[in-house]
Amino acid sequence: MKTQISHIEASEYSEITWYNGYTSNIAGEDIIRSEGISIIFGLEHVIEQVLEQDVDHSRGLFRQWLQRLIEWENSSHQNKLYLIGCDIGKGIVPIDSRHRSLRDLVGWCYQDIVERADRVDVIWYGINQRLK
């Protein structure tokens, strides 16, 4: 997976599609149906949608969803996948057990993404740091 979008030349691709994890149920469906660039942002909320589907199997469900996205990306040289999420693992540990579970799951899912990604960048205060 490609994870930096700052140097995309739109004319190189047939389509650029943004998917909003904050307002859409992205985890519950196959969202990508066309060639081009697909950018999914609000990834922590997509992971929360997976947690709501099945608490006991949420990481496995996320991995299956991620695998479908990777297969789509690999199906054509025109396909590029960008995933954008917020780090919710810093700061005070939540008192509510559901929020703690979400925080843990997001961290594990991000580890799964990083393992499969070609490139990983962290952006903090607008400063880019390439991790992989």
Side-chain angles (χ1 to χ4, degrees):
M1 292 178 307
K2 290 74 177 171
T3 55
Q4 182 179 6
I5 59 175
S6 61
H7 301 291
I8 294 173
E9 291 293 330
S11 60
E12 295 178 33
Y13 301 95
S14 58
E15 184 176 334
I16 298 176
T17 307
W18 289 80
Y19 297 95
N20 185 344
Y22 296 111
T23 61
S24 301
N25 183 7
I26 295 172
E29 57 189 73
D30 288 327
I31 57 169
I32 300 176
R33 295 183 177 87
S34 62
E35 285 191 347
I37 296 174
S38 290
I39 303 167
I40 300 171
F41 65 98
L43 197 56
E44 68 281 6
H45 287 276
V46 174
I47 295 168
E48 184 175 20
Q49 294 167 11
V50 172
L51 182 63
E52 290 171 356
Q53 287 177 13
D54 187 343
V55 172
D56 296 327
H57 302 98
S58 52
R59 188 169 183 194
L61 290 172
F62 178 81
R63 285 178 173 168
Q64 291 171 5
W65 180 78
L66 180 62
Q67 181 60 36
R68 288 193 308 270
L69 294 174
I70 292 168
E71 288 170 1
W72 167 83
E73 183 181 41
N74 293 333
S75 69
S76 170
H77 72 282
Q78 285 290 320
N79 294 346
K80 305 285 184 225
L81 176 63
Y82 297 88
L83 301 175
I84 302 170
C86 292
D87 181 1
I88 63 170
K90 294 181 176 153
I92 298 171
V93 177
I95 293 174
D96 182 293
S97 64
R98 183 183 176 286
H99 290 121
R100 282 195 311 273
S101 295
L102 174 61
R103 177 181 163 133
D104 290 342
L105 180 61
V106 167
W108 295 326
C109 291
Y110 285 179
Q111 288 176 19
D112 294 336
I113 292 167
V114 169
E115 181 181 335
R116 305 288 303 271
D118 294 334
R119 180 171 177 163
V120 177
D121 292 90
V122 171
I123 301 170
W124 187 252
Y125 291 111
I127 300 170
N128 180 64
Q129 178 184 9
R130 186 172 181 176
L131 300 179
K132 179 178 176 183

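Keep in mind that this is a model prediction, so the values were computed, not measured. Both backbone and side-chain heavy atoms feed into the values below; hydrogens, waters and symmetry mates do not.
- Exactly one residue among Leu105, Val106, Ile113 makes a side-chain contact (heavy atoms from CB on, under 4.5 Å) with Phe62. That residue is Ile113.
- Salt-bridge check for Lys132 with Glu115: failed, with every basic side-chain N at 4.0 Å or more from each acidic carboxylate O.
- Taking both residues in full, the closest heavy atoms of Arg103 and Gly89 are given as NH2-O, 2.7 Å, listed atom of the first, atom of the second, then distance.
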How far apart are the C-alpha atoms of Asp87 and Val122, what are their side-chain angles, what is the distance that settles it, and do they pass the side chain to side chain contact (heavy atoms under 4.5 Å, CB included) test?
CA-CA 9 Å; Asp87 181 1; Val122 171; over 6 Å; no
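- Summarising the geometry, atom CZ belonging to Arg59 is positioned 6.0 Å from atom CD belonging to Gln111; distances are rounded to the nearest 0.5 Å.
- No chain of hydrophobic side-chain contacts below 4.5 Å, direct or via other Ile, Leu, Val, Met, Phe, Trp or Tyr residues, connects Val120 to Ile123.
- Put simply, the side chain of Leu69 reaches to within 4.5 Å of the side chain of Ile40, judged on heavy atoms.
- The minimum heavy-atom distance linking Trp72 with Gly36 is given by the pair CH2-O, 3.3 Å.
- Ring orientation note: the planes of Phe41 and Tyr22 are tilted relative to one another, at an angle of 30° to 60°.
- Residues Leu131 and Val114 have side chains not in contact (no heavy-atom distance under 4.5 Å, counting atoms from C-beta outward).
- Taking OH of Tyr110 as the reference point, atom CD1 of Ile47 lies at 5.0 Å (rounded to 0.5 Å).
- Closest non-hydrogen pair, Gly21 versus His45, comes out as O-CB, 3.3 Å.
- Closest heavy-atom contact between Ile88 and Glu44: CG2-CG, 4.3 Å.
- What you find for Arg98 and Leu51 is that their closest heavy atoms are O-CD2, 4.5 Å.
- The two residues Glu35 and Ser76 come nearest to each other via the heavy atoms OE2-OG, 3.2 Å.
- Side-chain N/O atoms of Gln53 and Gln49 include no donor and acceptor closer than 3.5 Å.
- Put simply, the side chain of Tyr19 does not reach to within 4.5 Å of the side chain of Ser24, judged on heavy atoms.
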